[in-house]
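So you know, we letter chains A, B, ... as the sequences are listed, proteins then strands, and number each from 1. As a basis for the values below, the full set of heavy atoms in this structure was taken, side chains included, without hydrogen atoms, waters or symmetry mates.
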2 protein chains.
Amino acid sequence: MAKYKNNCIKDITNILKALGDENRVRIVMALVDKGQLCVCQIIELLGLAPSTVSKHLYILRQANLIESNKKGRWVYYNLAGGGANKSVRKVLHWLQESLAKDAGIREDKKLLGKILKEDPERLCLKMKKR
Amino acid sequence: MAKYKNNCIKDITNILKALGDENRVRIVMALVDKGQLCVCQIIELLGLAPSTVSKHLYILRQANLIESNKKGRWVYYNLAGGGANKSVRKVLHWLQESLAKDAGIREDKKLLGKILKEDPERLCLKMKKR
DNA sequence: TGTATAGTTCGTTATATGGCGAAGTATAAA
DNA sequence: TTTATACTTCGCCATATAACGAACTATACA
């Protein structure tokens, strides 16, 4: 399973680089809020091209901050769970605490509420039109 | 004094970007270890050009992670102290915890021990030769 | 089958970043 | 007041990164 070697500076800076981007932080905070989101919902939230969002998700995954699971045509992402190492869990907690009152993140939460109410089929079609 | 407004995502990503570089993390960890260092000692530790180190220090200072105070010709840097906001203090603590056992950081500590024993005058002359 | 859809990967472009040396600034020493 | 020293700022270059659209992959549905 997970390899429990010591954190090295490379891993740590990788985590920090992954989180050093506003859009990726928004993704992480959306997952903190909703637990799990499919890619098209994240695309809708950020208003970026699918390929761009996919790359952001890849970077977060490389840093072990998030995980994905595929269900049919949809891919769902969630925060790294119990398997995540201590540093990852702690930095996610730090982010959460630091941005709890952030105005932009609050707006994202509201927007996410609307997005989750929408029909997923229609949502993905909307994405297609970009 | 310090303005106590809410953290915004901009500030937070700024902190994360500042720490998303190995050399800057090494600087921070050196300051964790020794409390205070002058620029020429940091230059010696990293083995980079003075101008490069100066820029790294500037970036860390912009993110409110470190502070400087000038004494004569020498400029000393230390970690942001009591004036630092909660997020900064916490992320510094996280870094410290995450890298406590890192091999490279341990090497830096040893090297720093030697650097601090050296005559500061001679150290800065050595720097000049680069 | 074949066609549509949800994501990903690839190639390109514009901008950001890390590195350096040269020039500039401020303090100390001669 | 001149010279040296300890940094910093500036201008440059090479590489990294974020964004996009086009092409590709995998699954579902007709």
Side-chain angles (χ1 to χ4, degrees), chain A residues 10 13-14 16-27 36-63 66-78 115 118-130, chain B residues 10 13-14 16-27 36-63 66-78 115 118-130:
Chain A
K10 205 90 182 172
T13 50
N14 216 36
L16 292 163
K17 270 181 214 167
L19 292 175
D21 176 276
E22 288 191 40
N23 286 319
R24 289 196 289 270
V25 166
R26 287 175 69 195
I27 292 172
Q36 170 172 285
L37 293 167
C38 87
V39 178
C40 64
Q41 294 168 326
I42 297 170
I43 289 168
E44 184 66 13
L45 174 68
L46 300 182
L48 295 172
S51 60
T52 304
V53 172
S54 192
K55 198 172 175 186
H56 282 311
L57 291 167
Y58 175 80
I59 291 167
L60 288 169
R61 204 146 57 93
Q62 285 298 101
I66 64 174
E67 296 165 347
S68 68
N69 63 315
K70 193 167 182 174
K71 284 179 188 164
R73 271 176 300 178
W74 284 270
V75 178
Y76 289 89
Y77 281 86
N78 53 266
I115 289 170
E118 274 195 67
D119 176 21
E121 300 285 347
R122 193 165 295 176
L123 184 63
C124 289
L125 286 176
K126 200 157 65 178
M127 179 190 80
K128 211 62 193 174
K129 285 180 198 146
R130 288 178 195 290
Chain B
K10 205 91 181 168
T13 51
N14 216 34
L16 291 163
K17 268 181 215 167
L19 292 175
D21 175 276
E22 288 192 40
N23 286 319
R24 289 195 290 269
V25 167
R26 288 175 69 195
I27 292 172
Q36 171 172 284
L37 292 167
C38 87
V39 178
C40 63
Q41 293 168 325
I42 297 171
I43 289 168
E44 183 67 13
L45 174 68
L46 299 182
L48 295 172
S51 60
T52 304
V53 171
S54 192
K55 199 172 174 186
H56 282 311
L57 291 167
Y58 175 80
I59 291 167
L60 288 169
R61 203 146 58 96
Q62 284 299 101
I66 64 174
E67 296 165 346
S68 68
N69 63 315
K70 194 168 183 173
K71 283 179 189 164
R73 272 177 299 178
W74 283 268
V75 179
Y76 289 89
Y77 282 86
N78 52 267
I115 290 169
E118 276 194 65
D119 176 21
E121 300 285 347
R122 192 165 296 178
L123 184 64
C124 289
L125 285 175
K126 201 156 69 178
M127 178 190 81
K128 212 60 194 175
K129 286 180 196 146
R130 289 179 195 289

Trainee: Please work out if B:Tyr76 contacts a base, only the sugar-phosphate, or nothing of the nucleic acid, heavy-atom cut-off 4.0 Å.
Mentor: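 No contact.
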Trainee: Grab the CD1-P distance between B:Ile66 and D:dC7 for me, whole Å please.
Mentor: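 For the pair B:Ile66 CD1 and D:dC7 P, the rounded distance is 13 Å.
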Trainee: For A:Arg61, answer base if it contacts any base atom (sugar-phosphate contacts may also be present), sugar-phosphate if it contacts only those atoms, and nothing otherwise; contact means non-hydrogen atoms under 4.0 Å.
Mentor: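 Answer is nothing: A:Arg61 stays at 4.0 Å or more from every strand.
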Trainee: Rounded to the nearest 0.5 Å, what separation is found between the OG atom of B:Ser54 and the CD1 atom of B:Ile59?
Mentor: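 Interatomic distance, B:Ser54 OG to B:Ile59 CD1, rounded to 0.5 Å: 10.0 Å.
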Trainee: OP1, OP2 of C:dA6 versus side-chain N and O of A:Tyr77: anything below 4.0 Å?
Mentor: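 Indeed not, no polar side-chain atom of A:Tyr77 lies that close.
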Trainee: What's the CG-P distance between B:Leu46 and C:dC20, to the nearest Å?
Mentor: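 Atom-to-atom, B:Leu46 to C:dC20, this comes out as 10 Å.
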Trainee: Pick the closest DNA chain D nucleotide for B:Ser68 and for A:Asn23 by heavy atoms, then say which residue is nearer the 5' end.
Mentor: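 Counting from the 5' end, the first nearest nucleotide belongs to B:Ser68.
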Trainee: B:Arg73 side chain: which of C:dG18, D:dA6, D:dA19 is closest?
Mentor: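 Side chain of B:Arg73 sits closest to D:dA6.
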Trainee: Of all the choices, C:dG19, C:dG7, D:dA6, which nucleotide is nearest to the side chain of A:Trp74 once you look at every atom?
Mentor: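 Ranking C:dG19, C:dG7, D:dA6 by closest atom to the A:Trp74 side chain puts C:dG7 first.
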Trainee: For C:dC20 and B:Thr52 - does any side-chain N or O of the residue sit under 4.0 Å from the phosphate oxygens OP1/OP2?
Mentor: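 Yes, because at least one side-chain N or O of B:Thr52 sits under 4.0 Å from OP1 or OP2 of C:dC20.
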Trainee: Ignoring hydrogens, what is the shortest heavy-atom contact between B:Asn78 and B:Asn69? Give both atom names and the distance.
Mentor: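 Closest pair (atom of B:Asn78, atom of B:Asn69, distance): OD1-OD1, 4.0 Å.
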Trainee: When rounded to the nearest 0.5 angstrom, what distance separates CG in A:Leu37 from CG in A:Leu45?
Mentor: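 Result: 8.0 Å between the selected atoms.
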Trainee: Under 4.0 angstrom, heavy atoms only, what part of the nucleic acid is B:Lys70 near: base, sugar-phosphate, or nothing?
Mentor: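 Sugar-phosphate, backbone atoms only, no base.
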Trainee: Taking B:Ile42's backbone N and O only, do any of them form a donor-acceptor pair with B:Arg26's side chain (distance below 3.5 Å, no angle check)?
Mentor: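 It does not hold such a pair.
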Trainee: Please confirm whether the shortest side-chain N or O distance from B:His56 to OP1 or OP2 of C:dT17 is below 4.0 Å.
Mentor: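 Answer no for this pair, as no side-chain N or O of B:His56 is under 4.0 Å from OP1 or OP2.
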Trainee: So do A:Leu16 and B:Asp21 actually touch side chain to side chain, heavy atoms under 4.5 Å?
Mentor: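 In short, these two side chains do not touch, never coming nearer than 4.5 Å.
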Trainee: Tell me which nucleotide among C:dG7, C:dG19, D:dA18 gets nearest to the side chain of A:Val75.
Mentor: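 Output: C:dG7.
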Trainee: For D:dG21, does the base pair up with any side-chain atom of A:Ser51 as donor and acceptor (N or O, under 3.5 Å, distance only)?
Mentor: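 Present.
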Trainee: Closer than 4.0 Å, any side-chain N/O of A:Tyr58 to the OP1 or OP2 of D:dA18?
Mentor: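 Negative; the distance criterion is not met.
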Trainee: For A:Ile59, which contact category applies under a 4.0 Å heavy-atom criterion: base, sugar-phosphate, or nothing?
Mentor: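 Answer is sugar-phosphate: A:Ile59 comes under 4.0 Å of backbone atoms only.
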